[in-house]
Amino acid sequence: MTSGAIPPPANPLTISQPVLRFIDLEEVGRSGRHMTLFEMMAHHAFNRPDHEVYFKERTVELCHELLSGELGADPRSITYKEEVWEGGGNLGPSLSVGASGLELATLVFMEYVRNGEALTPMPLTVVDTGYGLERLTWASQGSRTAYEAVFGAEYDELRRTFPPRESAILIDHARALNFILSDGVVPSNSKEGYFARLLLRRSIRILSKVPDPPGLLAILDRAGRDIARDFPEIGEHRDDLHRVVEAEIERYAEAIQRARQTIRRQEERVRSEGGQIGSDQLLAWYDSLGVPPDVAVEELQRPPAIPEDFYAQVAARHESERPTTDYIDRTEGLPEVPGAVPPTEVLYYLDPHTLSFEGHVVHAAGPWVVLDRTYFYPTGGGQVADRGHLGDLEVVDVARKGPWVLHRLERDAPFRAGERVRGKVDPKRRTQLMQHHTATHLLNGALREILGPHVWQAGAYKAPESARIDVTHYKPLSKEELRRIDRRVNEIVREDRPVKSYFESRNEAERRFGFTLYQGGAVPGKELRIVEIEGFDVEACGGTHCTHTSEVGAISLLGVDRIQDGVVRLTYASGERALELREEHEAILAEAARRLGVPVDHLPDGIDRLLAEVEETRHAARAKAKDDLSATAEELLADPARTEAVGGTTVVTARLDLDRAQLMELSRLLGRVAGRVAILAGERDGRGVLFVGSTAPGISAASVVEAAKAAFAGKGGGNPAAATAVGEPGTPLERALDEARRTARRAAGP
RNA sequence: GGGCACGUAGAUCAGCGGAAGAUCGCUGCUUUCGCAAAGCAGAGGUCGGGGGUUCAAAUCCCCCCGUGUCCA
């Protein structure tokens, strides 16, 4: 709007909107004036050379009239401080307006565009103002802090239990939470969800510090009551908001519970090693376990002092982090189109059923072709592009760039500008995409209906093979919820409701359907394309859709994932593709049943039997291996050539055709009786392996191996009970074995 | 989006380069009219997945996956 690309909805324009501000979070309750949420009122003017609305003088005049006239401020107390404002590449002078030292408004006059160091005048100048409603309220009442003026009785009520700062934080957070939670934000560990979590957990912490505290839900309700008059959805979503908050309370309690346990164990370990918990450990616990320092200290027997600047130190821990922005440029790889090329008339919006058409080539470069009109749908809104043919050539991709639709052909386009060309959209693919897109809207509607109004689309993707929708939700979907969602969407399909796609003015659409229209994100423009599934779901959407729900065909849910904290993904297919998948699945089941030799309906039992059999076989094999080794052990002990008694120690020496693990097991069996030394040799990949086990007191297996390993250039080691070494290929393993035996004998000898 | 912590038996966790453990739960036996309880015995593990280093990896390194948490 400031650049003039999009016309303002009105000129002059007034707006009033709630604004969330998190950077001053620590100041809330402390400064007496900061809040996480406030109402910002504004009046704007967009001055074109041919149409001057108003600029500096009139703006100041209007502001002054409001403050001194309408609101009755003493004109002598009103101050104007001149500053330079810069933002979004634009800059200009600004005035900070205050009364009796309190800043009430900012008046910005955008005049210049910055290009590096150079400033060029803007094609249109803009008046941008901001008046803080809460500040005006405060100024008009003259109370000690803004909280008393703004929150009134709700604040006073909390003051009976809490100190001023805590009372202010509680009521401030409760008001902000009412807004963000009823706006579809679900508490989570990233992005806006984290702000919701932060506000909730800060509130819970404050409440937990007093005995018998008021309930968080009650505080939220009280804070929401007033604003629900202007924002009715806050009242309407009350029950859903309660469920979201309750889930978060529970989750936090679990996290703290786990953390307490971890803290106790860690202190025990540190103390057993003679150490002590330091304040740096408190920081680490807060960071990784989420446990506030005062809670951690409760668990410790010898707690460190909590640093005064604890939260500043937390911030310092995160200072060196550099957020990388994975900015994806959708127009990357697309060719430049000369500005003189006329924009493409897009016909798929109005008529998704016409798939064969004629158009004129208006631009062609390499494989890319722009037509004057097209029915090809370009990739966008989470729906992949159509395929088909232009003339005899295959269209392999379709993309949108600015006002043009670009068709990419399988090879360089033989067309010249002005040429007439026949386009054919692949009907099977298009039908499937339409079914998946409409199915996505159906799922979105059903999810909101069944899970609650906090559900908001967080992403979607519609391909011919399958489609998926990501929605905000605070816990995993239960089997029962999935079943109900499945039933509900297929019910709407069977009811054959009309799906209407039409254009409507933004204001009118918002008035009729509310902001839930913007499931796919904000859409620019004064006109919106609305896709309305009658009586069920309405969204602003540019995709191609069926005209009746029955055309979608049966929808099969294929999977559900939690893709991140607070976001659930459903994958599904409908129409022909759903049938294909069903056939595939049935074939897999039939084949599995055939291989198991059971009827399909006995498959689970058949698998159980098979698993039991496998288990049994494994058991038997293990037992047999053990028996074999036991037999070997008996043989060795009975063989005078391999077993000798020295003092109270029995030394068993043998070279066997066994691997490392088997040598180890055999040594263990020989060592069942105390006072035995097992010196066993085997081979692996042409290298000699020596394994020594000892249950004889005073004879260390490690020292035996240490003494013997030089004989076969071995590397290895171990502990007093067991040790092993592997030699170089071609070295005499026998010598190592002898050396080990001599060492053991010497150690055992009298 | 980034940092940190954590993934080991059905559950909760210990072990942090040398022969996979504890507690609870489970099964059996002893005891009891029976239950609870106790004692004894036993089953249960590709130590999240994949690479690498090493004579030797649950343990060290790298890459994934999952969970938690803090910060934008």
Side-chain angles (χ1 to χ4, degrees), chain A residues 22-23 25-26 187-195 197-198 201-202 251-252 254-266 268-269 272-273 280-293 296 310-328 476 561-566 615-616 618-619 622-623 659-672 678 680 682-685 687-695 700-703 705-706 708-709 712-729 731 736:
Chain A
F22 285 96
I23 42 181
L25 198 59
E26 281 297 311
S188 81
N189 59 13
S190 68
K191 298 179 195 156
E192 66 275 15
Y194 182 68
F195 296 130
R197 168 163 295 173
L198 193 61
R201 293 192 171 186
R202 278 168 62 98
R251 216 180 135 124
Y252 190 41
E254 279 167 17
I256 295 297
Q257 190 58 35
R258 268 196 308 273
R260 284 179 186 272
Q261 212 182 329
T262 305
I263 286 167
R264 277 197 300 271
R265 272 198 303 264
Q266 282 194 23
E268 208 171 303
R269 195 168 66 229
S272 76
E273 287 161 8
D280 54 332
Q281 186 64 61
L282 294 181
L283 285 168
W285 281 335
Y286 177 68
D287 236 12
S288 61
L289 303 176
V291 58
F310 184 84
Y311 290 96
Q313 288 192 37
V314 170
R317 281 169 81 92
H318 291 277
E319 232 161 44
S320 57
E321 296 159 17
R322 250 166 237 164
T324 53
T325 41
D326 268 355
Y327 172 69
I328 301 160
D561 298 282
R562 200 193 85 138
I563 58 163
Q564 50 167 283
D565 197 14
E615 180 80 353
E616 205 176 309
R618 221 175 59 177
H619 239 94
R622 227 186 279 172
D659 64 25
R660 247 181 69 92
Q662 288 168 319
L663 292 178
M664 191 189 283
E665 187 59 31
L666 179 58
S667 154
R668 199 200 286 263
L669 289 167
L670 287 166
R672 275 198 167 162
L680 306 172
E683 208 171 285
R684 188 195 69 181
D685 307 332
R687 292 160 178 265
V689 177
L690 178 67
F691 190 94
V692 177
S694 167
T695 52
S700 158
S703 352
V705 164
E706 192 59 37
K709 72 184 185 188
F712 72 143
K715 283 181 169 178
N719 58 32
T724 179
V726 177
E728 285 296 313
T731 52

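Each chain gets a letter, A, B and so on, in the order the sequences are listed, and its residues count up from 1.
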Query - Under 4.0 Å protein heavy-atom contacts per nucleotide of nucleotides 47-53 of chain B, with B for base, S for backbone only and - for none - result: -------
Report task. Could you please name the option among G44(B), G1(B), U69(B) that lies closest to any side-chain atom of Ser190(A)? Result -> G1(B)
Report task. For each nucleotide in nucleotides 7-20 of chain B, reading 5' to 3', give B when a protein heavy atom comes within less than 4.0 Å of its base, S when such contact involves only the sugar-phosphate, and - otherwise. Result -> -----SSSS--BB-
**Report entry** Nearest-Å distance for atom pair CD/C1', residues Glu319(A) and C4(B)
**Finding:** 16 Å
Query raised in the report: With sequence neighbours left out, what residues match Gln266(A) under side chain to side chain donor-acceptor pair (under 3.5 Å)?
Result: Trp285(A)
Query - Base U69(B) paired with Asp287(A) side chain (donor-acceptor, <3.5 Å) - result: no
Report summary line: Ala284(A) meets the side-chain contact (heavy atoms from CB on, under 4.5 Å) criterion, sequence neighbours left out, with Gln281(A), Arg317(A)
Requested in this report: Could you tell me which residues satisfy side chain to side chain donor-acceptor pair (under 3.5 Å) with Thr724(A), sequence neighbours excluded, listed by chain and number?
Outcome: Arg660(A)
Requested in this report: Would you sketch RNA chain B in dot-bracket for me? Only Watson-Crick or G-U wobble pairs with both distances under 3.5 Å count, crossing pairs as [ ], other-strand pairs as |, the rest as dots.
Outcome: (((((((..((((....[..)))).(((((.......))))).....(((((..]....)))))))))))).
Anything under 3.5 Å between a donor and an acceptor, one on a side chain of residues 714-721 of chain A, the other on a protein residue two or more places apart or in another chain? List them.
unit_1: Asn719(A); atom_1: OD1; unit_2: Ala721(A); atom_2: N; d: 3.0
unit_1: Asn719(A); atom_1: OD1; unit_2: Ala722(A); atom_2: N; d: 2.7

Query raised in the report: Between atom CD of Gln257(A) and atom CZ of Arg260(A), what is the distance when rounded to the nearest 0.5 Å?
Result: 7.0 Å
Report summary line: Sorted by chain and residue number, the side chain to side chain donor-acceptor pair (under 3.5 Å) partners of Glu665(A) (sequence neighbours excluded) come out as none
**Report entry** Upstream residue (5' side of RNA chain B) when Arg317(A) and Asp565(A) are each assigned their closest nucleotide
**Finding:** Arg317(A)
Query raised in the report: What interatomic distance, in whole Å, is found between C1' of A58(B) and the corresponding atom of G21(B)?
Result: 12 Å
Query raised in the report: If we take the C1' atom in both G18(B) and C13(B), what is their distance in whole Å?
Result: 24 Å
Query - Closest nucleotide among G44(B), U69(B), C55(B) to the Ala255(A) side chain - result: U69(B)
Query - Test side-chain contact (heavy atoms from CB on, under 4.5 Å) applied to Glu616(A) - qualifying residues, sequence neighbours left out - result: none
Query raised in the report: Within the distance-only criterion (no hydrogens, no angle test), does the side chain of Asn189(A) pair as donor or acceptor with the backbone N or O of Asp565(A) below 3.5 angstrom?
Result: no
Requested in this report: Look at all strands and tell whether Arg201(A) reaches a base, only sugar-phosphate, or nothing, counting heavy atoms closer than 4.0 Å.
Outcome: sugar-phosphate
Query raised in the report: Mind checking the C1' distance from C24(B) to A38(B)? Whole angstroms is fine.
Result: 16 Å
**Report entry** Integer angstrom distance from the P of G1(B) to that of A11(B)
**Finding:** 30 Å
**Report entry** Nucleotide of C55(B), G68(B), A43(B) approaching Ser288(A) most closely (side-chain heavy atoms)
**Finding:** G68(B)
**Report entry** Asp659(A) side chain to Ala661(A) backbone, donor-acceptor under 3.5 Å
**Finding:** yes
**Report entry** side-chain contact (heavy atoms from CB on, under 4.5 Å) against Arg618(A), all qualifying residues, sequence neighbours excluded
**Finding:** Glu615(A), Arg622(A)
Query - Phe195(A): partners by ring-ring contact (aromatic ring centres under 6.0 Å, His included), with sequence neighbours left out - result: Phe22(A)
Report summary line: Hits for side chain to side chain donor-acceptor pair (under 3.5 Å) against Glu26(A), two or more places apart or cross-chain, chain-then-number order -> Arg202(A)
Requested in this report: Pick base, sugar-phosphate or nothing for Val291(A), based on heavy-atom distances below 4.0 Å to the nucleic acid.
Outcome: nothing
Report task. Assign Lys191(A) to base, sugar-phosphate, or nothing according to its heavy-atom contacts below 4.0 angstrom with the strands shown. Result -> base
Requested in this report: Take the protein atom CG of Leu283(A) and the nucleotide atom C1' of U69(B), then report the distance between them rounded to whole Å.
Outcome: 14 Å
Requested in this report: For Leu198(A) and U69(B), give me the distance from atom CG to atom P, rounded to whole Å.
Outcome: 13 Å
Query raised in the report: Considering only C70(B), U67(B), U69(B), which nucleotide approaches the side chain of Arg562(A) most closely?
Result: U67(B)
Report task. Give the rounded distance in Å between these two atoms: NE2 of His619(A) and P of G42(B). Result -> 12 Å
